[in-house]
2 protein chains.
Amino acid sequence: MAERAHHGGELRLRIGEAAARAGVSERTLRYYEEIGLLSPAGHSVGGCREYGPAELARVTRIRELQELLGLELDEIRGVVAREDRIDTLRDAYRRSEGDEERRAILLEALQTTEALYLRVSARVERIAAFRDELAETISRYRTWLAGEIPQPERPAAV
Amino acid sequence: MAERAHHGGELRLRIGEAAARAGVSERTLRYYEEIGLLSPAGHSVGGCREYGPAELARVTRIRELQELLGLELDEIRGVVAREDRIDTLRDAYRRSEGDEERRAILLEALQTTEALYLRVSARVERIAAFRDELAETISRYRTWLAGEIPQPERPAAV
DNA sequence: AGAAATTCTGACGTTGACGTAAGCTGGCGC
DNA sequence: GCGCCAGCTTACGTCAACGTCAGAATTTCT
């Protein structure tokens, strides 16, 4: 097995295995690093990239945003950057830092998440509407197949 | 006004107006024609493209498939080609042609539509799940803002 | 008719998200 | 030591979906 346990006990994969598990190419992982979207958890002595579970999860998240929402990697960087700031915030809580600053970061995260939520909601509803249209079309086809004569309806929607 | 009524009484727009109403560029319309995705309803004597309501509706449909479902124009051609065959079928019904052939076309249309329906359904559910995740994140943020201390939970999903 | 606006047909340019190939390097198995 | 595999960097190639520009032709306005 090519896996290897880090000194902290965390699973560390080199790029080949990491790419295979995430379902992307090695080139994709290097490219994500190139554009500052995802850097490996660390490097081996020889300079090989090493990825942990968090990085794999992030790849999955990136692909979701890309394929499901049609976001560009550029925008996605903003989204995951926000998530990173939240992780930072979690640490800040534990280290009990400036309260005012914490509120600000949290508020900003709340707002950007809500904005994303609205986008996703709108998208979900449009696609659901499209799906319902398809369902109607299907039942219409079924009716026709049962022997009915189709109406030459043309709503001519513009 | 740049509009003009066709001899059949149908609205005919030249490429500029058509593109504006459909919310795309002129180049896009010409490109769609280039790849056999959408041809104008007709041409003027001098060779200018003329688009009717049906073509505008088709552009809208194409953009839906492209943006909402992330389909490539290549695949979309298949989908709209099927819709065209259905229109043809409607005419065939009126001209009362071969019954066996009609059933075959209708059955094929039903199947491809059902296949598309499944794709769309799957997509809708994945996006809805993502939206729900966001909703949870938001309420978590709200709780934190209300004074709670965040838990350093890391599911480490792979 | 003549000017102005729109459209036509090529043809080349662009952008995002990688693919691919070349040449070099580090660790291992025998 | 030697071969081999996986990985590294660098750099050019690709593909879809248009954008853009030039120069000629069409349509509209006055």
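A note on names: the letters A, B, ... follow the listed sequences, proteins ahead of strands, and every chain is numbered from 1. Since the model is a prediction, treat every value here as computed from it, not as a measurement.
Residue contacts shown for A:Ser44 are absent, as no nucleic acid heavy atom lies under 4.0 Å away.
The distance between atom CG of B:Leu38 and atom C1' of D:dC18, rounded to the nearest whole Å, is 15 Å. Going from atom CG of A:Leu13 over to atom P of D:dG7 covers 10 Å, rounded to whole Å. When rounded to the nearest whole Å, the span between CZ of A:Arg49 and C1' of C:dT25 equals 14 Å. The distance from atom OH of B:Tyr51 to atom P of C:dT7 is 10 Å, rounded to the nearest whole Å. Taking atom CD1 of residue A:Ile76 and atom C1' of nucleotide C:dG16, one finds them 12 Å apart after rounding to whole Å. For A:Arg14 and C:dC28, the CZ to P distance is 9 Å, given to the nearest whole Å. If you take CD of A:Glu67 and C1' of C:dC18, they are 13 Å apart, rounded to a whole angstrom. Rounded to whole Å, the distance from NE2 on A:His43 to P on C:dG27 is 15 Å.
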request  = Could you walk me through whether B:Leu110 and A:Ile138 pass side-chain contact (heavy atoms from CB on, under 4.5 Å), step by step?
outcome  = CA-CA 6 Å; B:Leu110 177 62; A:Ile138 288 176; 3.7 Å; yes

task = Please report the C-alpha distance between B:Leu116 and B:Glu75 in whole Å, then the side-chain angles of each, then the deciding distance to 0.1 Å, and finally whether the side-chain contact (heavy atoms from CB on, under 4.5 Å) criterion is met.
result = CA-CA 11 Å; B:Leu116 184 61; B:Glu75 301 181 82; over 6 Å; no

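Place A:Val45 and B:Ile15 on DNA chain C by their nearest nucleotides, and B:Ile15 ends up nearer the 5' end. Summary of the strand contacts: B:Glu26 and A:Glu26 both lie near DNA chain C, and taking for each the nucleotide with the nearest heavy atom, the more 5' one is attributed to B:Glu26.
At least one donor-acceptor pair closer than 3.5 Å links the side chain of B:Glu55 to the backbone N or O of B:Gly52. Not a single donor-acceptor pair under 3.5 Å links the side chain of A:Arg126 to the backbone N or O of B:Glu64.
Taking the charged nitrogens against the carboxylate oxygens, B:Glu114 and A:Arg142 do have a contact shorter than 4.0 Å, which makes a salt bridge.
Which of C:dC8, D:dG7, C:dC18 sits closest to the side chain of B:Arg30 comes down to C:dC8.
For A:Ser25, a side-chain nitrogen or oxygen approaches OP1 or OP2 of C:dG19 to under 4.0 Å.
In this structure, OG1 on A:Thr28 lies 11.0 Å from CG on A:Leu37, to the nearest 0.5 angstrom. Note that CZ of B:Phe130 is 8.0 Å distant from CG of A:Leu68, once rounded to the nearest 0.5 Å.
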Nucleic acid footprint by protein, nucleotides 10-17 of chain D - heavy-atom cut-off 4.0 Å, B for base, S for sugar-phosphate alone = -------B

